[in-house]
Undergrad: 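Have a look at the structure that comes next, please.
In the text below, chain A, chain B and the rest are named by the order of the sequence lines, each starting its count at 1.
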Amino acid sequence: MAQVETQTVVQSKEKVSSPWRDAWKVLRKNKAAVIGFIIILFFIAIALLAPFITDYKYDEGVLTDKNKPPSAEHWFGTDYNGRDVFTRVVYGAQLSLWVGFFSVIGSIIVGTFFGLLAGYYGRWIDMLISRIFDIMLAFPSILLAIAIVAILGPSLQNALLAISIINVPTYGRLVRSRVLSLKEEEYVTAARAIGMKDSRILFRHILPNSLAPIIVTGTLGIATAIIEAASLGFLGLGAQAPEPEWGKMLADSRQYIQKAPWTVIYPGLSIMLTVLGFNLIGDGLRDALDPRMKN
Amino acid sequence: MLSYTIRRVLMLIPVLLGMSIIVFSIIHAIPGDPALTILGEKASPKAVEEFREVLGLNKPLYEQYFLFLKDILTGNLGVSLHTKAEITSEIGPYLAATVELTVFSMIFAIFIGVNAGIISAWKQNSWFDYICMLIALIGVSMPIFWLGLMEQWFFAQELKWLPSVGRDSSRDPVTAITQFYIIDTILAGRWDQLKDVISHLILPGIALGTIPMAIIARITRSSMLEVMRSDYIRTARAKGLGQFFVVYKHALKNAFIPILTIIGLQTGLLLGGAVLTETIFGWPGIGRYIYTAIGNRDYPVIQSGILVIATIFVVINLLVDLLYALIDPRIKYR
Amino acid sequence: MKKGVLSAALSGLLALSLALAGCSGSQQAQTTDNGQQAPAADQAADSASSGPKQLIVGRGADSPGLDPITVTDGESYKVTENIMETLVNFEETNTNVVPGLAESWEVSPDGLTYTFKLRQGVKFHDGSDFNADAVKFNFDRWMDKSNPLHNPEGFQYYNDMFGGYKGDEGHVIKSVDVVDPSTVKFTLNRPLAPFIADLAMSPFAIASPKALQEMGPEKFNEHPVGTGPFKFVEWKRNDTITLEKNPDYWNKGYPKVDKLVFKVIPENSARLTALTSGEIDLMDGLNPDDAETVKSNPDLQLILRPSMNIGFLGFNTEKKPFDNPKVREAIAYAVNKPALVEAFWNGLGQPAKNPLPPSIWGYNDDIKDREFNLDKAKQLLAEAGFPNGFKTTFWAMPVPRPYMPDGQKIAEAIQQDLKQIGVETEIVTMEWATYLEKTRKGEQDMFLLGWNGDNGDPDNFLYTLLDKNNIGSNNNTRYNNEEVHQLLIKAQSAVTQEEREKLYKQAQEIIFKDVPMVPIAHSEPALAASAKVINYKPHPKGSESLEKVDIQ
């Protein structure tokens, strides 16, 4: 839908020729981005197919088989409860991807809404919203997240919510600045002149033209969100036992690191790879969609 | 310039005020009774009630907020519920520990990041460039707590090269004067202790510095590439590799502004990341102080601690902005 | 050439970083400058690398305060017991009472007067004399709310052990009188069976009246002054507390080491690493899992602390379906205690059948525990009307406690067994403070919790944990049995120990039948030390004076 809209606008303006198709072409040639895509597709695949990949359950183990090194039966070894680490890592992908996607979607929706308001109406609304964003950005984000989770109680859902909240200003500011620049474009002033409703201008014209940077920032944002969720899990403020969240797995296995390093190596490696994947795609998208955002 | 500075400083006031409101409301929304936390699992309900009264937790919220505001304005950060000590005097050593770690990791990040970025750009598309950028990419994606754990396991527990926890050796503790142990040991002329202190800084410093290092390397490289496309440098380059010095100097000057921005932004991340790093490396810093305080429901410590960190962050960003204006006359003081 | 360039670049960067450091440094200049550096620290640091014997003790958390009467936690007592002493002491490894600052005492036949003969020639670290006046001074401070040195929040243990403060209805101590400089007399309002045992508890250590008055209670809490084997030197918060030998200690020949340092290393395994590498000499909170590692290392030794605790699985007996004793019993059959103890306590503990640990008198050893039997459990569930089991929540504590090394992992293991009898549990956890608060209010279904003994009296376990008077306080199972209540109340005022013992044994039988909780284990917390450390004897109560410990 959005694409169609953009194109009509773009044609009428004769500004650039179909940025989306161009972007795809550039992206396909970007080796790093392709690798990123492969990594992420791989993790999405194992997350979706988890029950078919492994016969073990992530929350059932044999106590007598605890902290066993990797073997043919247990590819990544077993943890302190005798559970299969490979199985837990695979199921963990579900949780991390879920938190990554949905927290970012949450931040984007809320951030975009306030960003549009602030940018389009300006004046005191802008003042108010921008100051709130400034204040939120003045906190180191993980501290703010910790505080929010402390209020809501530790759980994966609440961690997701906290991460969503702390990232709202990022998207809000982005959308606001896009709106400020687009507002002065001729087609918007024209639309306003013919008496088009504000909501229509915002959602039909301004928003679609702001999508590119949102998508770029959002993709990179998923990477950040995954790390933040794992950090909260590591501090005991995110996912709770026996959920196989990677950060939580690290924290729980930490004391066995000398005896059973595999219980710490694999979950950490998975976090890193997933985050790397999203960063690669994000970088590629940025180069393809919005050359101006490059440094 | 002066009026710009004054304006920027004045603009801090609403931000700081807003921050104090946010912190205060968050803290008081946290469930869990501080009285019970402090008195422990053995407290009688009557004792808990009496303790709440003493702490002023039974007063209306707005009244508690204004008391809090009045206190911080007079430089009184309150009294820790847990240790019953003045936070103003208690927080100093914690803050110093964190600042020392943060500065150390920032130096590490800047030194490695800038040099790797410049050399990568200079030798664009060489093996060195590829490896550097791969490391930088991985660095940006690194969960620092995992890196910290792996470092601790490998270098401290397996190889036993470096100490695993703490700021100094407890057999020969540093005599704190400024609380910055590097400075303290130098002042005392204890070079053996200085070595010890630095060896304690290395692992947590690297864990904390990796992400900014990677970011700085990437930014330096791309701004350097831009610079190298300029006529001036092309001429310099045409004269041969001997002109590396010219490029280096010139590129560094140009790369300075984006690096400055990153330093401003990353300091905030570092201060936040300190919570994780300090937890892993048993670093007696402010991140762990606040984290423990959240577990203890030590309201005054949480609110003052977060506020202090946020204030430092805001102030650093302000200084970075002012530095911009100073360095680059093209930036208009709006 | 190149080198010069690099160093030029470097120095520029350094200057920048220093500028930044300066900015944040100025921020905190006012806060850091508390200027009260203990002078002894300098000397200690100077002579550290040479001769004096140091004992470095690694532990998990810092002390909240060092005035023992104001705190309730073991981390504080571990330190204060080395600085300040009590009138009477517990024996080295049990809870029998032996002389401390008091050499001997007499009790009147009606149990209302206690006369203590004090040790003579004992001095506080500040040079002032320890005498009957000092004892009276301390008790007056504790009991009298209007005393200027009284804590506005009260003194929790005083309140709990002696029935409130002066003027309160249940207050035990009527008066403390100085008979002569070395004799002090306590007059009680009513007899209190464990009075002498109470006085041996760490919070009731005698502080120097001079220091208390000069410094005021807040300062004293950071800089305690007593009569003990070690003197306070320095406290770096969340890092180290340093004590030094008291050369004038009354017990000649002690302490054995010149310097005693308590170092905070939060993570158990990190602490073991520090011990292995020689950074510390002694550590508590060893992971049971690491016991084997320690045993197999010739440079280290494994030390077990005798148990005075209980870790249990409790039921909220007011909530369905746990109001039905059959359901509770069914679950008791499904908890595989030996396997849990083996897996999580690594054998450093014993499966429990009573809430009371066997180290305490009154323990009922005639009770025969239920064996792990899932069929029996299913059968009982069916009888209770749940042939297909049910769903419930299972609360697990978020922090390791001495009585339960890892609540969440233990809950996960129990969860797996309960699944087999059709009981689906969802593990719930939250911040420790919230956890305590909510279990106290009775919001939980099934939960893990435990108790560490204070004074070695059965009352401290049975009455505290299972009497109906303590619902909303420490009876988190909300177990309400009138018969048990009568027995426990009677035992509180009974005069002879035999009589009390009989009553407690009876109570344990009823409790066993009713299953308000499934006692899981009495743990023997594991410590590790360098092989060079000798004469260290951990006390069941969780903390001890280290005066006899030596390094070879």
Undergrad: Would you mind checking which part of Arg254(A) comes under 4.5 Å of any heavy atom in chain C, side chain (CB onward), backbone (N, CA, C, O), both or neither?
TA: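 When you check distances to chain C, atoms from both the backbone and side chain of Arg254(A) fall under 4.5 Å.
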Undergrad: So which part of Glu243(A) gets closer than 4.5 Å to some heavy atom of chain C, the side chain, the backbone, both or neither?
TA: neither
Undergrad: Could you have a look at Asp290(C), Thr293(C), Leu272(C), Asn287(C) and say which one has the most heavy-atom pairs with chain A under 4.5 angstrom?
TA: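 Result: the option with the highest number of such pairs is Asn287(C).
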Undergrad: Check each atom of Asp252(A) against the heavy atoms of chain C and say whether the ones under 4.5 Å are side chain, backbone, both or neither.
TA: both
Undergrad: With a 4.5 angstrom heavy-atom cut-off, which part of Asp406(C) approaches chain A: side chain, backbone, both or neither?
TA: side chain
Undergrad: Output yes when a side-chain donor or acceptor of Thr78(A) lies under 3.5 Å from a complementary backbone atom of Asn67(A), and no otherwise.
TA: yes
Undergrad: Would you check if the side chain of Thr263(A) reaches a backbone N or O of Ala260(A) as a donor-acceptor pair within less than 3.5 Å?
TA: yes
Undergrad: Are a donor atom and an acceptor atom from the side chains of Ser103(A) and Ser164(A) found within less than 3.5 Å of each other?
TA: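 The answer is no; no qualifying pair exists.
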Undergrad: Non-hydrogen atoms of chain A under 4.5 Å away: do they reach the side chain of Gln415(C), the backbone, both or neither?
TA: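 Looking at Gln415(C), just its side chain touches chain A.
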Undergrad: Using the side-chain hydrogen bond (donor to acceptor under 3.5 Å, both in side chains) rule, collect all pairs that involve residues 144-154 of chain A, keeping only residues at least two apart or in two chains.
TA: none
Undergrad: Side chains of Asp79(A) and Ser253(A): donor-acceptor distance under 3.5 Å anywhere?
TA: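 There is no such pair between these side chains.
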